Amino acid sequence: MNSEGPNSRIYYTKPSITGLEIRYANDAVSNGWGERCYEYIERFEQLFAQHLGVRHAIATSSATGALHMGMAGLGIGPGDEVIIADINWIASAAPIVHLGAKPVLVDVSRDTWCLDPSAVEAAITPRTKAILAVHLYGNLCDMDALSAIAEKHGLHLIEDAAEAIGSVWHGRRAGSMGAFGAFSFHGTKTITTGEGGIFVTNDDALYARVLTLSNHGRARGENRQFWPERIGFKYKMSNVQAAIGCAQMERIDELVAGKRRVFESYRAALSGLPLRMNPEPVGTVNGYWMPTFVVDGGIPFNREELLAAFMADNIDGRVFFWPLSSLPAFESRPQHTESLSLSARALNLPSYHDLTDAEIARVARHVVDHLGRRPR
Ligand SMILES: *Cc1c(COP(=O)(O)O)cnc(C)c1O
């Protein structure tokens, strides 16, 4: 693994794997076959549902798959519109397109970097079926405002909480508040199963529909073998992946605490600079999946130059997501000024759970050098 030294590589993320993950994965690969082939999957689903405080969970091969099946379960299809923030990873939008529906991009709020509720309301048409609330980098969408809009207009409110493990909105965990929630356990996320995801809901009927969809259209309780009642999906998590996930769930408080410690260290190291970091409004907790800074308007900032300084010192930096409207698959939206300005003025910092204070100081020094020597 990496030995810490003055020039050791600082990855932007990597999983925290201990003897526990290795022991469970070994057990699954040695013994988890035949009648025991679902044991870790069932346990993982239970642990995750319990953690979140929801009734149902279905482990999947990715968050993309969880979103695809969940939206199919809500009946979203050709002709429908789903409102989503312009700044997002494409995985949130792709399933909408796969279902034949249309992602309607709206600008983000300057404070949350997530959906601007007034922009959402302005984008509603008779075809609107759902609002997809993505909690970006751990930041929470304004769930009270979005719930009120969804209720008023009879829309489904969906949560993509792939980046929001550990985030809490006034006592309720991200992913537990919408019609359904989706999470990712890709190797870069707060907890990992290598690749993987999960669908969660409190809606018994939606759970039953998605369970059938998730099993190639075979309903639970169907006695005939190989009898799909409809065309479904195959987005399952394997028992070996779930074994790793069970160990991560036993350590979830420690893993979220690691993310929060890293964020607080960056915040202290960057205090006094003309920038903002991930917000944590009163009454909420931010899981701080990815510590991100946004340089204040009017302050010169050369993102490429800072990334080059990182690279020369063996440090991974990541650009903020591009507005989807700037990608070839979407129509451009020059009026989305918040999304466009955020993308150009922000950077994600390395944030794996075990990052040391010395490593954080090494990263922060480049940001201080870059911004500190600029005229204020
Ligand atoms: C990572 C991520 C996804 C995709 O997750 P996969 O498990 O790779 O499909 C979706 N939405 C958001 C917000 C993400 O960060």
Side-chain angles (χ1 to χ4, degrees), residues 12-15 44-45 48 57-72 82-99 103 105 108 112-115 130-141 143 146 157-167 173-178 180-200 210 214 233-238 241-242 244-245 248 255-256 259 278 286-292 318-324 327 329 339 342-343 346 348 351-352:
Y12 89 113
T13 65
K14 62 181 176 184
F44 181 62
E45 290 173 343
F48 201 84
I58 302 173
T60 58
S61 52
S62 67
T64 309
L67 285 167
H68 195 176
M69 290 196 299
M71 288 194 274
V82 177
I83 298 174
I84 175 176
D86 193 346
I87 284 220
N88 262 310
W89 176 227
I90 198 160
S92 307
I96 302 170
V97 177
H98 291 321
L99 288 167
L105 307 180
V108 297
T112 61
W113 317 341
C114 298
L115 280 173
I131 301 166
L132 178 51
V134 185
H135 304 298
L136 210 68
Y137 300 132
N139 299 2
L140 287 149
C141 297
M143 290 304 286
L146 294 177
L157 178 58
I158 303 164
E159 290 181 273
D160 179 344
E163 304 178 3
I165 284 175
S167 296
R173 289 194 177 277
S176 72
M177 296 171 273
F180 74 86
F183 289 84
S184 171
F185 309 121
H186 178 256
T188 55
K189 300 292 159 75
T190 296
I191 77 166
T192 195
T193 58
E195 293 277 2
I198 204 161
F199 161 92
V200 297
V210 173
S214 75
F233 296 94
K234 181 65 193 296
Y235 286 132
K236 290 193 182 192
M237 179 181 280
S238 76
Q241 290 171 297
I244 300 169
Q248 295 265 290
L255 293 172
V256 171
K259 285 287 188 179
N278 313 51
N286 193 319
Y288 293 135
W289 171 59
M290 188 129 301
T292 300
R318 283 291 190 276
V319 300
F320 204 96
F321 294 127
W322 305 96
L324 293 171
L327 304 178
S339 301
L342 255 183
S343 175
N348 305 142
S351 67
Y352 50 88

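Since the structure is predicted, the reported quantities are computational estimates derived from the model, not experimental observations. Order of appearance sets the numbers: ligands from 1, and atoms from 1 within every ligand.
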* **T292: side-chain hydrogen bond (donor to acceptor under 3.5 Å, both in side chains) partners, not counting sequence neighbours** => N348

* **Close aromatic pair by centroid cut-off 6.0 Å: F199 and F183** => no

* For S343, enumerate each residue passing the side-chain hydrogen bond (donor to acceptor under 3.5 Å, both in side chains) test, keeping only those at least two apart in sequence or located in another chain. => none

Is there any protein N/O under 3.5 Å from an N/O of ligand 1, and what does the full list of such pairs look like?
residue  : atom   : partner : partner atom : Å
ligand 1 : 5 (O)  : S184    : OG           : 3.2
ligand 1 : 7 (O)  : A63     : N            : 2.9
ligand 1 : 7 (O)  : S184    : OG           : 2.7
ligand 1 : 9 (O)  : A63     : N            : 3.2
ligand 1 : 9 (O)  : T64     : N            : 2.9
ligand 1 : 9 (O)  : T64     : OG1          : 2.5
ligand 1 : 11 (N) : S92     : OG           : 3.4
ligand 1 : 11 (N) : D160    : OD1          : 3.3
ligand 1 : 11 (N) : D160    : OD2          : 2.7
ligand 1 : 15 (O) : E163    : OE2          : 2.4
ligand 1 : 15 (O) : K189    : NZ           : 3.0

* To do: Only counting residues at least two apart or in another chain, list the ones meeting side-chain hydrogen bond (donor to acceptor under 3.5 Å, both in side chains) with N88.
  => none

* To do: To the nearest 0.5 angstrom, please state how far the CG atom of N286 sits from the OG atom of S167.
  => 4.5 Å

* Asked: Where does the angle between the aromatic ring planes of F44 and F48 fall among parallel (under 30°), tilted (30 to 60°) and perpendicular (over 60°)?
  -> tilted

